[in-house]
Structure formats: structure tokens, C-alpha cells
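Okay, so here's the structure we're looking at.
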Amino acid sequence: MAELATIARPYAEALYQACTAQSGADLHGAVAWVDELAAIAANPDLRQLADNPKVTAAQVFDVIAGVARSPLSEQAKNFLHTVIDNGRVQALPEIATQFRALVNQQNGSSDAVVHSAFPLDSAALAQLGTTLEQRFGRKLNLSVQQDESLIGGVRVVVGDEVLDTSVRARLEQMKAALTA
């Protein structure tokens with residue numbers, strides 16, 4: 001949704017500038033709390049609450065802060081107040097995405113989602129991470145999602161690039177070759 005991306009951009013950029021302006025700023029810590037706020041804001045019930053004209057901004061803030069797993073820092077509280085006061089709770093997931101992209105750009109890294117048919121242990125994930133970093137030519141922030149429909153192998157999504165070594169992909173390639 002282009003409109004939501006346009007709305008989110010100034011918030012993500014302002015937060016990024018505020019985080020980098022602080023000496024010793026913990027960008028990864030900020031990414032963590034922004035992602036947590038985005039996950040909370042993605043809940044349809046919370047969006048309905050935030051859109052209710054009978055509910056005050058303070059009440060919405062209290063609900064979000066109460067649901068958060070860890071206490072919010074002063075910076076997180078100020079940011080959340082700004083977003084709520086401007087009626088932009090629905091933009092929080094997009095703000096988080098854009099903020100993460102700015103942090104990744106500074107670090108020269110990218111987010112990567114590894115879809116695996118089976119759970120990966122930490123040693124296998126570390127080895128896979130090393131191989132993928134060589135393949136994509138940059139540092140990757142890996143997250144794993146289990147997808148049993150892959151049958152075996154992995155499917156890796158890095159931005160708009162996809163590396164699919166799953167059994168399902170191989171079967172699809174065989175099917176295409178046989179029907180051609």
C-alpha cells in the first residue's frame with residue numbers, strides 16, 4: 001500500500017535520526033522494540049480500539065505499553081505517544097519495516113527469512129548463514145519459519161531475491177520440464 005508507506009516514511013526516518021543522534025545509541029535494541037510495537041499494532045482488535053473515537057490516546061498508549069513484553073524506554077514511549085497522537089497506529093508495521101531497512105542499510109546487511117520444512121538447530125543455522133552470506137555477498141539477519149509444505153530443503157527470501165532449494169521447487173521444475 002503506497003499510501004501507508006508514504007505515511008510511515010517520515011516517522012521511520014525521524015526515529016532513525018533520533019537513534020543515531022544519541023551517543024552510544026543501540027539501533028538493534030530500537031529495532032527490537034519497534035518490531036514489538038508493530039506486532040502489537042498489527043492486531044485487528046487493537047486497531048479497532050485505536051480507531052474508536054470514545055477511546056483516548058492515553059488509553060491506547062496504556063493498552064500497547066501494557067501488552068509489551070518489556071518496559072518501554074523513554075525514547076520508545078515518546079515515539080509511541082507521537083504515533084498515537086497523530087492517529088498513525090495502523091502505520092506502525094510499515095514504520096518498523098522502513099526503520100529496519102534504514103538500520104540494515106547503515107550496517108550493510110539485509111533481513112533474510114529462511115523457510116524450512118523442519119526445525120533448524122543453531123549449528124545448522126549458523127552454517128547456513130555463512131553459506132548464504134557468501135551467496136548474497138552481504139551480512140544477513142536470519143529468521144526461520146517452518147513450512148512443512150516444502151517437504152525438504154530450504155527457501156530463502158532476502159528482500160526481493162529468492163533462493164529455493166526445496167524439494168517442492170524441484171518437483172515443480174520437473175513438472176514444468178515434463179509438460180513443456
Side-chain angles (χ1 to χ4, degrees), residues 1 4-5 7-116 119-126 128-130 132-133 138-147 156-159:
M1 178 181 280
L4 202 53
I7 291 169
R9 186 172 301 110
Y11 291 93
E13 290 174 353
L15 179 60
Y16 177 76
Q17 290 173 359
C19 287
T20 55
Q22 293 177 343
S23 60
D26 179 20
L27 284 174
H28 293 292
V31 167
W33 61 255
V34 169
D35 282 343
E36 183 176 10
L37 293 177
I40 295 168
N43 184 302
D45 293 333
L46 182 84
R47 288 187 182 183
Q48 185 177 10
L49 177 76
D51 291 340
N52 187 335
K54 294 180 182 180
V55 177
T56 66
Q59 290 171 319
V60 174
F61 177 86
D62 289 342
V63 168
I64 294 173
V67 173
R69 286 176 282 180
S70 55
L72 298 176
S73 67
E74 280 305 308
Q75 185 177 37
K77 289 178 184 176
N78 291 338
F79 173 74
L80 185 56
H81 274 297
T82 302
V83 170
I84 293 170
D85 291 345
N86 291 322
R88 302 300 190 197
V89 172
Q90 78 282 2
L92 261 171
E94 181 62 25
I95 293 169
T97 299
Q98 291 188 24
F99 179 71
R100 196 176 326 99
L102 290 169
V103 171
N104 285 344
Q105 183 179 7
Q106 176 189 350
N107 296 336
S109 63
S110 296
D111 290 331
V113 180
V114 177
H115 300 270
S116 174
L120 295 173
D121 64 15
S122 58
L125 186 60
L128 179 62
T130 303
L132 291 172
E133 286 177 359
R138 58 190 175 270
K139 184 177 177 339
L140 299 175
N141 306 316
L142 297 179
S143 63
V144 179
Q145 292 183 358
Q146 193 168 339
D147 181 359
V156 181
V157 180
V158 180

Worksheet entry | Nearest heavy-atom neighbours spanning Ala41 and Arg47 | O-NE, 3.0 Å

Fill in: Donor-acceptor under 3.5 Å (Gln17 side chain, Ala14 main chain)
no

Fill in: side chain to side chain contact (heavy atoms under 4.5 Å, CB included) assessment of Ile64 paired with Ile84
CA-CA 10 Å; Ile64 294 173; Ile84 293 170; 4.1 Å; yes

Worksheet item: Do Ser109 side-chain atoms and Gln105 backbone N/O form a donor-acceptor pair below 3.5 Å?
Response: no

Practice prompt. List the steps, then state whether side chain to side chain contact (heavy atoms under 4.5 Å, CB included) holds for Val34 with Leu92.
Written response: CA-CA 8 Å; Val34 169; Leu92 261 171; 5.5 Å; no

Worksheet item: So among Val157, Val158, Leu128, Leu140, which one has a side chain to side chain contact (heavy atoms under 4.5 Å, CB included) with Val114?
Response: Leu128

Worksheet item: If we only count heavy atoms from C-beta on, is the His28 to Asn107 side-chain gap below 4.5 Å?
Response: yes

Practice prompt. Looking only at non-hydrogen atoms, find the nearest pair between Val113 and His115 and report the distance.
Written response: CG1-NE2, 3.5 Å

Worksheet item: Is the shortest distance from a Lys or Arg side-chain nitrogen in Glu133 or Arg138 to a carboxylate oxygen in the other one below 4.0 Å?
Response: no

Practice prompt. Check whether any side-chain N or O of Glu36 sits under 3.5 Å from a backbone N or O of Arg69 as a donor-acceptor pair, and report yes or no.
Written response: yes

Practice prompt. Spell out, as yes or no, whether a donor-acceptor pair under 3.5 Å connects the side chain of Arg88 to the backbone of Ala8.
Written response: no

Practice prompt. For Asn43 and Asp45, indicate whether the former's side chain and the latter's backbone hold a donor-acceptor pair under 3.5 Å.
Written response: yes

Worksheet item: Taking the six-membered ring for Trp, are Tyr16 and Phe99 parallel (under 30°), tilted (30 to 60°) or perpendicular (over 60°)?
Response: perpendicular

Item to complete: Of all the heavy-atom pairs spanning Gln98 and Ala5, show the shortest one and how long it is.
Response: NE2-O, 3.0 Å

Worksheet item: Is any side-chain heavy atom of Leu37 closer than 4.5 Å to a side-chain heavy atom of Leu72?
Response: yes

Response to the item:
For Arg100 and Asp111, the nearest pair of non-hydrogen atoms, with its separation, is CD-OD2, 2.6 Å

